[in-house]
Amino acid sequence: MELFSKLADFILHIDGHLQLLASEYGLWLYGILFLIVFCETGLVVFPFLPGDSLLFAAGSLAAIPMSQLSPHWLFVIFTAAALLGDTVNYWIGRSLGPKVFHFEKSAFFNPEHLQKTHGFFEKYGGKTIIIARFIPIVRTFMPFVAGVGALPYPRFIMFSIAGAWLWVGIFSYGGYFFGQLPVIKANLKLMIVGIIVVSLMIPAIEFVKHHFRSKASLDAD
């Protein structure tokens, strides 16, 4: 519980924590930011790490006069971390996927899911990979699932690049150009909470829609 409490404090007060890290580590902050985004994107055990709010806060920090951070270098660092994380996550899923679904059909493993996932990505792969980049938790698992579903890597990385450019560009440059506006600066914590809430609305809506579709299907039967 203490770990999650510290994590929540870091996310909600991320602007202050980044300023502290910048004062202590200087340009090494680039490496810290790279590592956070890489882990959040590339390792399925770290879906709770900050993503959207981190990019926005870092961009906002870069806009402060005499800041050591450059918005353009942030774009390069964040994009590289996201793409490298996607690639690692994809190949982990690609290597484990066939082994996972090699077992007999059970409550947890079903070989048919592999083919369904492959068909899903063949039909909707590009759109879902790009959209998933903007959804916390989902963006952590999407590359893994794409690897399990055996989506061809060139096709996967093409849409991953597009999604990363949009994601990093919107949030990091958004923070740079708007994060220091008086109204946003005075309410940055509310802004960060708002980013998190809006990001989580998409999977929440999909969950509710899926719940009612399942219920309607059961009622029809």
Side-chain angles (χ1 to χ4, degrees), residues 4 7-8 10-12 14 18 32-59 74-97 100 113 117-118 120-175 191-210:
F4 285 104
L7 180 63
F10 179 79
I11 294 174
L12 293 176
I14 197 167
L18 287 185
I32 296 173
L33 295 173
F34 178 94
L35 185 62
I36 293 174
V37 172
F38 169 78
C39 290
E40 193 257 358
T41 305
L43 305 176
V44 294
V45 294
F46 291 115
F48 48 80
L49 290 176
D52 306 341
S53 58
L54 178 71
L55 270 61
F56 188 89
L74 284 176
F75 179 84
V76 172
I77 293 295
F78 283 139
T79 300
L83 293 178
L84 182 60
D86 270 5
T87 297
V88 170
N89 210 347
Y90 171 91
W91 286 110
I92 291 175
R94 187 69 176 264
S95 62
L96 294 180
V100 170
H113 291 170
T117 304
H118 177 71
F120 176 79
F121 278 107
E122 281 296 309
K123 188 175 182 179
Y124 302 108
K127 182 175 69 172
T128 53
I129 290 171
I130 293 174
I131 293 175
R133 178 67 70 181
F134 293 85
I135 307 175
I137 301 177
V138 175
R139 67 169 159 262
T140 304
F141 289 96
M142 184 59 70
F144 181 85
V145 174
V148 171
L151 179 72
Y153 180 73
R155 178 176 168 82
F156 166 76
I157 198 63
M158 178 178 67
F159 290 111
S160 178
I161 290 172
W165 282 350
L166 286 171
W167 181 57
V168 175
I170 289 173
F171 284 103
S172 63
Y173 280 114
M191 183 72 180
I192 290 172
V193 172
I195 290 173
I196 296 172
V197 170
V198 171
S199 299
L200 291 174
M201 281 180 64
I202 297 176
I205 292 172
E206 287 300 316
F207 174 80
V208 172
K209 288 169 63 177
H210 176 74

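Owing to the predicted nature of the structure, the values given are computational and were not obtained by experimental measurement.
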Identify, with sequence neighbours excluded, every residue that meets ring-ring contact (aromatic ring centres under 6.0 Å, His included) alongside Y90.
->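 ring-ring contact (aromatic ring centres under 6.0 Å, His included) check on Y90 returns Y153, F156.
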Determine the minimum heavy-atom distance between R133 and A82, stating which atoms define it.
->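 The pair with the smallest heavy-atom distance is NH1-CB, 3.5 Å.
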Shortest non-hydrogen contact from A58 toward L33 | CB-CD1, 4.2 Å
From OG (S172) to CG (L74), nearest 0.5 Å =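 Atom-to-atom, S172:OG and L74:CG are 6.5 Å apart.
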Spatial distance of atom CG (N89) from atom CG (L84) [nearest 0.5 Å] |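 Atom-to-atom, N89:CG and L84:CG are 11.0 Å apart.
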Residue set satisfying side-chain hydrogen bond (donor to acceptor under 3.5 Å, both in side chains) with T140, at least two apart, ordered chain then number -> none
Who are the side-chain contact (heavy atoms from CB on, under 4.5 Å) partners of [X], not counting sequence neighbours?
| X | answer |
| --- | --- |
| A81 | F34, V37, F38 |
| L43 | C39, V45, F46 |
| T79 | F75, L83, A164, W165, V168 |

T87 vs I157, side chain to side chain contact (heavy atoms under 4.5 Å, CB included): CA-CA, chis, key distance, verdict = CA-CA 8 Å; T87 297; I157 198 63; 3.8 Å; yes
Between L18 and L54, is any pair of side-chain heavy atoms under 4.5 Å apart?
-> yes
Considering only distance and modelled atom types, tabulate donor-acceptor pairs under 3.5 Å from the side chains of residues 141-149, sequence neighbours left out.
none

Derivation and outcome, side chain to side chain contact (heavy atoms under 4.5 Å, CB included), residues D52 and F134 | CA-CA 8 Å; D52 306 341; F134 293 85; 5.8 Å; no
